[in-house]
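Beneath this line is the structure, given in structure tokens, with notes to follow.
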Amino acid sequence: MLSLKQYMLEGNPLARLHKHEQEGRHYAVLSAHRPESEATPAQNKANHAELKKKLTAQGYAHKEVEGHWEGGKEKSIMVHAKGKGDEHGKQLLHDVKEHGRHYNQDSVFHHNTKTAKFHGTNETGFPGKGKTEPIGVTKYNRPEEPNQTETKPKSDRPLKKGRTSKGSAKFTTASKFGK
């Protein structure tokens, strides 16, 4: 069995998430993308780049991920709280909800290291503006679950001798209502 340090060196992006969870750091997932009926691909690309710049300016560490929502895929961003504990988590949630409202998102995903919830940020989408919907605990590498977020290893370069993760592997976090 690999030690945590070895596991982290393998390039598995979930290792950082596991570490943050153990430390008590919250994370969130949000997007600036809208369906083709509401925004062009160029508008979505510009909004995505703008959201990344705003998060960086606010001092958040973030990673591009692929979100699965209502049967579709969209470019999303996983954002880590600036520090450990609930105070940093509350600030993260406040900030991502503001971004969700600005980019007319149905909701943002927030994980407080124990449970996950959707927080509604517009009038038309699920769960509804100002409403919160618990979706249970996050499970790792369950690609059959709904509401997935896929992350890729930090590099597509070939692995060094003795490494065990696959360079092309995707890692998922998934949550299911009521579980």
Side-chain angles (χ1 to χ4, degrees), residues 13-14 16-17 20-21 24-140 145-152 171-179:
L14 293 181
R16 182 175 186 189
L17 208 51
H20 285 328
E21 188 173 314
R25 284 181 73 175
H26 297 217
Y27 74 92
V29 179
L30 74 155
S31 176
H33 280 229
R34 295 302 300 156
E36 288 182 19
S37 62
E38 297 178 34
T40 66
Q43 288 169 320
N44 279 333
K45 186 176 182 179
N47 286 343
H48 183 75
E50 180 182 78
L51 176 57
K52 285 177 26 178
K53 285 181 185 177
K54 287 179 178 182
L55 291 167
T56 299
Q58 288 178 305
Y60 287 109
H62 54 82
K63 178 176 180 58
E64 285 193 26
V65 296
E66 183 175 87
H68 295 251
W69 177 252
E70 296 181 346
K73 294 181 181 182
E74 64 185 6
K75 268 190 168 181
S76 298
I77 301 173
M78 181 179 288
V79 187
H80 299 280
K82 295 175 185 176
K84 304 171 190 175
D86 290 338
E87 286 304 312
H88 288 284
K90 286 177 186 176
Q91 185 63 50
L92 170 68
L93 180 58
H94 174 269
D95 291 343
V96 297
K97 284 167 71 175
E98 287 294 316
H99 291 304
R101 282 189 276 278
H102 178 78
Y103 292 104
N104 195 30
Q105 295 300 297
D106 294 346
S107 62
V108 295
F109 173 93
H110 176 250
H111 190 273
N112 68 4
T113 74
K114 296 174 189 76
T115 60
K117 295 178 182 177
F118 282 129
H119 296 268
T121 56
N122 76 18
E123 299 286 347
T124 59
F126 176 81
K129 188 171 186 173
K131 295 182 180 175
T132 300
E133 183 67 37
I135 56 173
V137 296
T138 297
K139 297 179 180 176
Y140 300 97
E145 304 284 347
N147 310 315
Q148 291 183 47
T149 302
E150 289 185 14
T151 59
K152 292 183 179 182
F171 303 91
T172 63
T173 61
S175 301
K176 189 181 247 183
F177 293 98
K179 301 268 176 154

(request) For atom NZ of K54, decide whether the heavy atoms of other residues, nucleotides or ligands shown that lie under 6.0 angstrom number more than 12. (result)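 It does: K54 NZ has more than 12 such atoms within range.
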(request) Verify the neighbour count for atom CD of E38: are there more than 12 heavy atoms of other residues, nucleotides or ligands below 6.0 Å? (result)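 For E38, atom CD is crowded (more than 12 foreign heavy atoms under 6.0 Å).
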Using atom types as modelled and distance alone, determine if a side-chain donor or acceptor of [X] lies under 3.5 Å from a backbone N or O of [Y].
X: K52; Y: I77; result: no
X: Q43; Y: T40; result: yes
X: S31; Y: K75; result: yes
X: D86; Y: G89; result: no

Testing the basics here: between [X] and [Y], what is the closest heavy-atom pair and its distance to 0.1 Å?
X: A39; Y: N44; answer: CB-OD1, 3.6 Å
X: P127; Y: E133; answer: CB-CB, 4.0 Å
X: V108; Y: G100; answer: CG1-CA, 4.1 Å

If we only count heavy atoms from C-beta on, is the [X] to [Y] side-chain gap below 4.5 Å?
X: N104; Y: R34; answer: yes
X: D95; Y: Y60; answer: yes
X: K82; Y: Q91; answer: no
X: L55; Y: H99; answer: yes

(message) Below 30° counts as parallel, above 60° as perpendicular, anything between as tilted: where do the rings of Y27 and F109 land?
(response)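 If you compare the ring of Y27 with that of F109, the planes turn out tilted.
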(request) Return the orientation label for the H110 and H26 ring planes: parallel under 30°, perpendicular over 60°, tilted otherwise. (result)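 Ring orientation of H110 relative to H26: tilted.
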(request) Could you list all the ring pair (Phe, Tyr, Trp, His ring centres under 6.0 Å) pairs where at least one residue sits in residues 34-53, not counting sequence neighbours? (result)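 Listed once each, the pairs are H33-H48.
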Nearest-0.5 Å distance that lies between atom [atom1] in [X] and atom [atom2] in [Y]:
X: T132; Y: K97; atom1: OG1; atom2: NZ; answer: 6.0 Å
X: Q105; Y: N47; atom1: CD; atom2: CG; answer: 9.0 Å
X: N122; Y: D106; atom1: CG; atom2: CG; answer: 5.0 Å
X: H102; Y: L30; atom1: NE2; atom2: CG; answer: 11.5 Å
X: F118; Y: K131; atom1: CZ; atom2: NZ; answer: 15.5 Å
X: H62; Y: M78; atom1: NE2; atom2: CE; answer: 13.0 Å

(request) Look at R101 together with E98 and state whether they make a salt bridge at an N to O cut-off of under 4.0 Å. (result)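 Looking at R101 and E98, the cut-off is met.
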